[in-house]
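Notes to accompany the following structure.
All values below come from the heavy atoms of this structure, side chains included, with hydrogens, waters and symmetry mates left out.
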Amino acid sequence: MAKDVEGVVAAEQSEFSAKDYHDPPPAPFIDLEELTKWSFYRALIAEFVATLLFLYVTVLTVIGYSHQTDKDAGGDDCGGVGILGIAWAFGGMIFILVYCTAGISGGHINPAVTFGLFLARKVSLLRAFFYMVAQCLGAICGVGFVKAFQKSYYNRYGGGANVVAHGYTIGVGLAAEIIGTFVLVYTVFSATDPKRNARDSHVPVLAPLPIGFAVFMVHLATIPITGTGINPARSFGAAVIYGADKAWDDQWIFWVGPFIGAAIAAFYHQYIFRAAAIKALGSFRSNA
């Protein structure tokens with residue numbers, strides 16, 4: 001009798017411990033077949049347009065706020081949306097654009113996100129490279145529209161370019177970009193995890209919402225330090241259109257920092273949080 005009970009309990013435990021989700025296989029390192037598919041080019045267009053819209057709305061918000069608080073132009077310190085409003089603009093646009101493009105391109109809108117997903121074998125090298133190119137071109141066009149529509153204010157208020165603020169060292173700026181991007185990319189991994197999606201499949205906006213909030217929170221913390229990059233395309237597009245020496249001198253920070261933060265987030269999620277190394281070792285031992 002006891003053995004029968006133990007058998008039933010073991011069967012129930014086995015049933016409940018069975019996976020109700022499926023981990024997709026690793027993406028090929030280089031997949032030349034992607035170049036023959038319309039879905040690949042559609043994804044590139046989606047990344048280009050999404051990054052263009054992202055930079056247009058957010059940089060325009062930054063320029064507008066600077067004008068509204070410019071005392072020489074009749075503004076005041078309490079005018080405009082404030083840093084809170086700027087953070088909401090960045091986080092809100094990411095929420096909207098990820099929701100709109102996730103089913104087409106994955107909704108990266110950020111070379112650092114693409115780089116982290118590439119390291120985790122979620123996208124191929126080919127797709128990652130062309131995504132980054134599309135994102136940078138979209139950012140340049142987005143900031144270009146801002147300058148075209150606000151030409152009288154654009155150069156006066158810094159063009160929305162990212163630079164390390166006066167009073168902060170290069171090391172502090174780099175650390176802020178690394179940590180901020182880690183928060184963002186780690187949130188992307190967690191929000192798009194197949195295990196979580198299986199559990200929360202009834203909530204269609206689950207992934208875009210925490211990703212947008214991560215961008216919002218990081219901006220609140222790091223706007224005073226670097227203007228918050230955490231997105232190399234955003235920093236690059238603003239630097240190209242603005243063209244000031246300071247923006248180009250600090251440009252490397254907004255590439256190196258986000259890429260390091262994305263790499264750490266990819267390693268942490270894949271090998272610590274999801275224990276990919278341990279699973280691979282267990283599979284190897286069972287096959288042996």
Side-chain angles (χ1 to χ4, degrees), residues 47-70 80-83 85-94 96-97 108-115 131-166 168 170 173-174 176-178 180-181 184 215-216 218-259 261-262:
E47 287 294 308
F48 171 83
V49 173
T51 313
L52 185 155
L53 295 175
F54 175 62
L55 266 293
Y56 172 73
V57 171
T58 54
V59 173
L60 201 58
T61 302
V62 172
I63 300 299
Y65 166 70
S66 299
H67 175 64
Q68 290 166 340
T69 56
D70 184 0
V81 296
I83 290 179
I86 292 173
W88 271 120
F90 278 89
M93 281 303 293
I94 287 297
I96 293 168
L97 294 171
H108 297 193
I109 322 171
N110 185 335
V113 171
T114 300
F115 180 67
Y131 268 28
M132 291 181 192
V133 172
Q135 291 156 359
C136 288
L137 292 176
I140 293 171
C141 292
V143 181
F145 281 130
V146 174
K147 185 174 183 178
F149 297 151
Q150 294 280 0
K151 191 172 183 179
S152 59
Y153 302 135
Y154 181 82
N155 289 323
R156 180 176 181 177
Y157 299 119
N162 288 121
V163 296
V164 178
H166 180 72
Y168 293 96
I170 297 254
L174 183 63
E177 289 297 306
I178 292 173
T181 310
L184 169 60
V215 172
F216 167 70
V218 171
H219 274 76
L220 285 182
T222 60
I223 282 178
I225 303 173
T226 61
T228 309
I230 68 172
N231 184 335
R234 176 259 186 274
S235 303
F236 180 71
V240 168
I241 300 300
Y242 185 50
D245 291 339
K246 176 63 174 173
W248 283 115
D249 290 342
D250 292 349
Q251 183 66 200
W252 68 272
I253 295 172
F254 302 102
W255 285 86
V256 175
F259 275 30

Original post:
Asp249: what forms a side chain to side chain contact (heavy atoms under 4.5 Å, CB included) with it, not counting sequence neighbours?
Top reply: Asp245

**OP:** Could you tell me the separation between the CG atom of Leu174 and the CH2 atom of Trp252, rounded to the nearest 0.5 Å?
**Re:** 5.0 Å

Original post:
Is any side-chain heavy atom of Ser66 less than 4.5 Å from a side-chain heavy atom of Tyr153?
Top reply: no

Original post:
Of Asn231, Ile140, Leu137, which meets side-chain contact (heavy atoms from CB on, under 4.5 Å) against Phe236?
Top reply: Ile140

Subject >> Nearest atoms (heavy-atom pairs only) where Ala161 meets Tyr242 >> reply: CB-CD2, 3.8 Å

Subject >> Between OH on residue Tyr154 and NZ on residue Lys151, distance to nearest 0.5 Å >> reply: 12.5 Å

Subject >> Donor-acceptor contact present, side-chain Glu47 to main-chain His108, <3.5 Å >> reply: yes

Original post:
If every non-hydrogen atom of Ala112 is compared with every non-hydrogen atom of Ala262, which pair is closest and at what distance?
Top reply: O-CB, 3.2 Å

**OP:** Apply side chain to side chain contact (heavy atoms under 4.5 Å, CB included) to Ile223 and list each qualifying residue two or more places apart in sequence or on a separate chain.
**Re:** Ile83, Ile86, His219, Thr228

Subject >> Euclidean distance, Cys136 SG relative to Arg234 CZ, rounded to 0.5 Å >> reply: 13.0 Å

Original post:
Side chains of Asn155 and Lys147: does their closest heavy-atom pair fall under 4.5 Å?
Top reply: yes

Original post:
What's the spacing between Ile225 CD1 and Thr222 OG1 if we round to 0.5 Å?
Top reply: 6.5 Å

Original post:
Step by step, would you call Met132 with Phe115 a side-chain contact (heavy atoms from CB on, under 4.5 Å)?
Top reply: CA-CA 9 Å; Met132 291 181 192; Phe115 180 67; 3.8 Å; yes

Original post:
Taking all non-hydrogen atoms of both residues, which atom of Ala165 and which atom of Pro224 are closest, and how far apart?
Top reply: CB-O, 3.3 Å

Original post:
Gly229 and Phe254: which non-hydrogen atoms are nearest, and at how many Å?
Top reply: CA-CD2, 4.0 Å

Subject >> Parallel, tilted or perpendicular: ring planes of Tyr56 versus Phe149, cut at 30 and 60 degrees >> reply: perpendicular

Original post:
Side chains of Leu60 and Phe145: closer than 4.5 Å at any heavy-atom pair?
Top reply: no

Original post:
Roughly how far, to the nearest 0.5 Å, is the NZ atom of Lys246 from the CD atom of Gln251?
Top reply: 12.0 Å

Subject >> Step-by-step side-chain contact (heavy atoms from CB on, under 4.5 Å) determination, Leu97 to Leu53 >> reply: CA-CA 8 Å; Leu97 294 171; Leu53 295 175; 4.2 Å; yes

Original post:
Just wondering, do Val143 and Val240 contact through their side chains at under 4.5 Å, heavy atoms?
Top reply: no

**OP:** State, yes or no, whether a side-chain contact exists between Ile170 and Ile253 at a heavy-atom distance under 4.5 Å.
**Re:** yes

Subject >> By side chain to side chain contact (heavy atoms under 4.5 Å, CB included) - contacts of Thr51 (at least two apart) >> reply: Leu55, Ile109, Gln135, Ala139, Ala233

**OP:** Check the side chains of Thr226 and Glu177 for a donor-acceptor pair under 3.5 angstrom, ignoring hydrogens and angles.
**Re:** yes

Original post:
Is there a side-chain contact (heavy atoms from CB on, under 4.5 Å) between Ser235 and Trp255 once you walk through the steps?
Top reply: CA-CA 8 Å; Ser235 303; Trp255 285 86; 5.6 Å; no

Original post:
According to the interplanar angle, ranging from 0 to 90°, do the rings of Phe54 and Phe90 count as parallel (below 30°), tilted (30 to 60°) or perpendicular (above 60°)?
Top reply: perpendicular

Original post:
Does Asn110 use its side chain to pair, donor to acceptor, with the backbone of Ile230 at less than 3.5 Å?
Top reply: yes

